[in-house]
S.K.: 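Below is one structure. I have some questions about it.
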Amino acid sequence: MLREDVFPDNTTFSVVLRACTAVPAARAGEGFHCQIFKLGFEFDLFSQTGLLDFYAKVGDLSSAKRLFAEMPDRDVVAHNVMIAALGKFGYASDARKLFDEMPDRNSASYNSMISIYCKLGDIHSAGLIFYRNPVKDVVSWNAMIDGYCKLDDLTKAWELFDRMGSAKNSITWNTMISGYVQHGEFGRAISIFQQMQEQNVKPTEITMVSLLSACAHLGALDIGKWIHAYIRRQNLRTDVVLGNALIDMYSKCGSIEAALDVFHGLPMKNIFCWNSIIVGLGMHGYGDDAINAFVEMEKEGIKPDGVTFVGLLSGCSHSGLVSEGRDYFSQMSGVYGVNPGIEHYGCMVDLLGRAGFLEEALELVKTMRMKPNSVVWGSLLRACRIYKDTKISEQVTQHLLELDPHDGGNYVFLSNIYASVNRWEDVELCRRLMSERGVHKTPGCSSIEVGNIVHEFVAGDTSHPQFTQINTFLDEISWELRGLGHEPDTDSVLHDIEEEEKESAVRYHSERIAVAFGIMSTPPGKSIRVVKNLRTCDDCHATLKLISKLFMRVIIVRDKNRFHHFRDGSCSCKDYCYAFVPTQFIARIQYDE
DNA sequence: GTAGGGTTAG
């Protein structure tokens with residue numbers, strides 16, 4: 001490292017130290033410190049501060065504290081570094097003490113304190129510091145806006161954002177965009193990006209990551225593609241984070257091919273990238289390819305983690321790869337050093353249940369080390385419904401309602417099971433329990449992208465400008481569907497509980513409205529892509545199959561659980577959990593009760 | 001020195 005004939009000065013020291021801090025290379029930096037020290041080197045204030053920062057960044061707070069105490073004179077920057085270090089390790093009151101004792105402060109001193117208080121969740125103290133700061137700069141505002149975003153007060157965040165006027169920089173915009181993304185307001189995030197462009201603020205890689213995440217949630221493939229093209233046009237650097245965001249966007253928007261293209265084109269892949277592609281392949285029903293990717297990942301020397309196994313096991317489940325899933329599950333902790341969590345047991349129960357091994361699945365639930373949660377019981381219940389096992393489903397039901405008395409989805413599913421065997425008193429009981437326990441229903445929401453605009457249809461909301469035409473069109477569709485032999489499930493609607501609320505003005509669920517709008521607004525033959533926040537109901541599932549045949553369209557619906565590719569009257573989910581039978585036939589079906 | 005980003009079972 002050091003050559004005898006070249007004597008370093010403070011600048012050399014600072015430069016090398018900065019490199020060690022960035023890597024971070026604790027050993028190298030420390031060794032370097034010692035070597036220089038032995039040479040009898042006089043550190044200047046600048047180098048001392050650099051060293052302080054170095055120790056704080058590599059996680060050695062005690063060395064940082066010692067250094068700070070030994071420093072003969074300490075300027076504002078040295079104080080700031082120490083305050084930030086104390087804050088990072090959770091010593092907020094020590095940081096505050098230092099802040100109060102400082103002879104003079106600059107904006108960064110105030111800003112450090114703001115971010116420390118924000119990380120503690122103490123937005124009130126952060127605000128006091130913010131308003132006391134006589135030299136507020138863009139960082140002060142950004143820190144406060146981020147604080148409000150992290151504390152779920154988007155109104156306050158927006159207020160500050162708005163008050164900044166033209167003083168915003170790209171980080172301000174990024175903070176606001178990611179704030180909206182993190183709170184599920186994806187359309188809003190995209191529209192803020194449009195404003196950002198109007199104001200000629202140059203987006204960064206981080207802007208793109210947030211936007212891609214918004215697209216992934218919305219299923220907005222066209223906007224996602226546009227962002228990808230924009231990234232290339234602007235020569236933004238596709239690092240592992242941006243690469244991962246692209247993979248996830250394409251995969252969640254239903255285009256696993258494009259996700260694979262991005263994946264293979266990445267010069268560097270980390271565990272996130274591998275996990276995203278494994279999860280994506282599994283989600284799209286390519287269990288074999290998910291396994292191949294896993295094997296490939298091992299060859300590259302990347303150690304799988306819990307997320308990898310969720311992807312792998314759920315992939316096996318969706319593709320019916322029972323023995324493969326069993327093998328990987330049993331090797332998880334012994335071979336790969338990953339202890340199975342509840343989510344992995346959940347995957348296994350789903351895998352076994354889906355394949356019809358109901359007793360084995362039940363046995364696994366009973367013998368698992370942790371208390372089974374509602375997802376685990378719910379998977380088993382779905383399997384019971386498919387294999388018409390009412391005996392096990394009675395047991396499962398008890399647990400499910402005890403565990404999760406406030407999840408409306410559970411009641412709906414249960415009620416559907418009862419409805420399918422004509423047990424209307426129990427259906428009524430579900431409905432009564434729901435209202436007694438004050439279980440609220442999540443409003444259904446479906447989105448579709450037409451002409452680079454995301455149209456959202458929320459249950460009960462009639463505000464879309466074309467709402468009347470869409471409803472008329474849907475009425476016509478149901479008329480034509482009758483010609484194809486589809487009898488609307490009117491009888492069970494009287495008893496059935498819907499997962500989403502239907503207002504009187506809205507006769508159809510949101511995904512059906514979105515699909516109808518898509519057919520009306522796009523040229524014949526174009527695929528329709530819809531994303532829904534809840535599970536698609538039986539009646540809509542059956543109807544969409546018929547619509548795909550009637551209008552000769554591929555309809556891709558991503559609901560809460562999975563992708564449904566409707567094509568020529570059938571669905572890629574092979575009707576798993578959609579044992580829809582028009583009510584008038586239910587009585588003729590024999591159930592072994 | 002201080003502000004912004006990614007993968008997870010029904």
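Nothing here was measured: the structure is a model prediction, and the numbers come from that model. In the text below, chain A, chain B and the rest are named by the order of the sequence lines, each starting its count at 1.
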S.K.: Does A:Arg105 qualify as a cation-pi partner of A:Phe99, given the criterion of NZ or CZ under 6.0 Å from the six-membered ring centre and within 45 degrees of its axis?
M.R.: yes
S.K.: Using the ring of A:Phe161 (Phe, Tyr or Trp, six-membered ring only), decide whether A:Lys168 places NZ or CZ under 6.0 Å from its centre and within 45 degrees of its axis.
M.R.: yes
S.K.: Examine the base of B:dG1 for any acceptor or donor lying under 3.5 Å from a partner atom in the side chain of A:Asn111, and report the outcome as yes or no.
M.R.: no
S.K.: What's the closest nucleotide to the side chain of A:Val310 if the choices are B:dT2, B:dG4, B:dA9?
M.R.: B:dA9
S.K.: Give A:Ile342 one of three labels, base, sugar-phosphate or nothing, depending on what nucleic acid heavy atoms sit under 4.0 Å from its own.
M.R.: base
S.K.: For A:Tyr91, look at atom OH and say whether over 12 heavy atoms of other residues, nucleotides or ligands are found less than 6.0 Å away.
M.R.: no
S.K.: Measure from CG on A:Leu281 to C1' on B:dA9 and round the result to the nearest Å.
M.R.: 17 Å
S.K.: Tell me if a side-chain donor or acceptor on A:Asp137 pairs with a main-chain N or O of A:Ser140 at a distance below 3.5 Å.
M.R.: yes
S.K.: Classify A:Asp559 by what it touches in the nucleic acid, base, sugar-phosphate, or nothing, heavy-atom distance under 4.0 Å.
M.R.: nothing
S.K.: Using side chain to side chain donor-acceptor pair (under 3.5 Å), reason through A:Ser314 and A:Ser317 one step at a time and then give a plain yes or no.
M.R.: CA-CA 5 Å; A:Ser314 71; A:Ser317 176; over 6 Å; no
S.K.: Roughly how many Å is it from CG in A:Leu242 to P in B:dG6, rounded to a whole number?
M.R.: 12 Å
S.K.: Roughly, in whole Å, what's the span from CZ in A:Arg385 to C1' in B:dG10?
M.R.: 13 Å
S.K.: Considering just the side-chain nitrogens and oxygens of A:Gln182, establish if one lies under 4.0 Å of OP1 or OP2 belonging to B:dG4.
M.R.: no
S.K.: Across the strands shown, which category fits A:Val240 at heavy-atom distances under 4.0 angstrom: base, sugar-phosphate, nothing?
M.R.: base
S.K.: What's the CE-P distance between A:Met71 and B:dG1, to the nearest Å?
M.R.: 13 Å
S.K.: Answer yes or no: does a side-chain N or O of A:His318 lie under 4.0 Å from OP1 or OP2 of B:dG10?
M.R.: yes
S.K.: Between A:Phe294 and A:Trp274 (judged by ring centroids, cut-off 6.0 Å), do the two rings come close enough to count as a pair?
M.R.: no
S.K.: Measure CD1/A:Ile114 against P/B:dT2 and give the value in whole Å, please.
M.R.: 13 Å
S.K.: Considering only side-chain heavy atoms of A:Val307, which listed nucleotide, B:dA3, B:dG1, B:dT8, is closest?
M.R.: B:dT8
S.K.: Base, sugar-phosphate or nothing for A:Ala84? Non-hydrogen atoms, less than 4.0 Å.
M.R.: sugar-phosphate
S.K.: Please give, in whole Å, the distance from B:dG6 P to A:Asp248 CG?
M.R.: 10 Å
S.K.: How would you label the contact of A:Lys136 with the nucleic acid (heavy atoms, under 4.0 Å): base, sugar-phosphate, or nothing?
M.R.: nothing
S.K.: Listed in order of residue number, which residues of residues 263-279 of chain A have a non-hydrogen atom at under 4.0 Å from DNA chain B?
M.R.: A:Asn270, A:Phe272, A:Asn275, A:Ser276
S.K.: Please evaluate residues A:Asn80 and A:Asn111 with respect to the criterion side chain to side chain donor-acceptor pair (under 3.5 Å), reporting the C-alpha separation (whole Å), side-chain torsions for both, the decisive distance (0.1 Å), and the verdict.
M.R.: CA-CA 9 Å; A:Asn80 290 350; A:Asn111 297 342; over 6 Å; no
S.K.: Parallel, tilted or perpendicular for A:Phe309 and A:His344, by the 30°/60° rule?
M.R.: perpendicular
S.K.: Go through B:dT2, B:dA9, B:dT7 for me and flag the one nearest to the A:Asn244 side chain.
M.R.: B:dT7
S.K.: For B:dA3, take OP1 and OP2 only and decide whether either is under 4.0 Å from a side-chain N or O of A:Lys119.
M.R.: yes
S.K.: Which atom names give the shortest non-hydrogen contact between A:Lys88 and A:Ala56, and what distance separates them?
M.R.: NZ-O, 3.0 Å
S.K.: Any base atoms under 4.0 Å from A:Asp239, or only sugar-phosphate, or nothing? Heavy atoms, all strands.
M.R.: base
S.K.: Separation of A:Ile129 atom CD1 from B:dA3 atom P, in whole Å?
M.R.: 15 Å
S.K.: Quick one: label A:Ser374 by what it contacts on the DNA or RNA (base, sugar-phosphate, nothing), any heavy atom closer than 4.0 Å.
M.R.: base
S.K.: Is it the case that over 12 heavy atoms from other parts of the model lie below 6.0 angstrom from the CE atom of A:Met268?
M.R.: no
S.K.: For DNA chain B, what residues of residues 166-180 of chain A have any heavy atom nearer than 4.0 Å?
M.R.: A:Asn169, A:Ile171, A:Asn174, A:Thr175, A:Ser178
S.K.: Between the base of B:dG4 and the side chain of A:Thr204, is there a donor and acceptor pair under 3.5 angstrom?
M.R.: yes
S.K.: Salt bridge or not between A:Glu360 and A:Arg326? Use side-chain N to carboxylate O under 4.0 Å.
M.R.: yes
S.K.: Please state whether the phosphate of B:dG5, meaning OP1 or OP2, lies under 4.0 angstrom from any side-chain nitrogen or oxygen of A:Lys150.
M.R.: yes
S.K.: Of the nucleotides B:dT8, B:dA9, B:dG1, which has the atom closest to the A:Val81 side chain?
M.R.: B:dG1
S.K.: A:Ile386 CD1 to B:dG10 P: how many Å, rounded?
M.R.: 14 Å
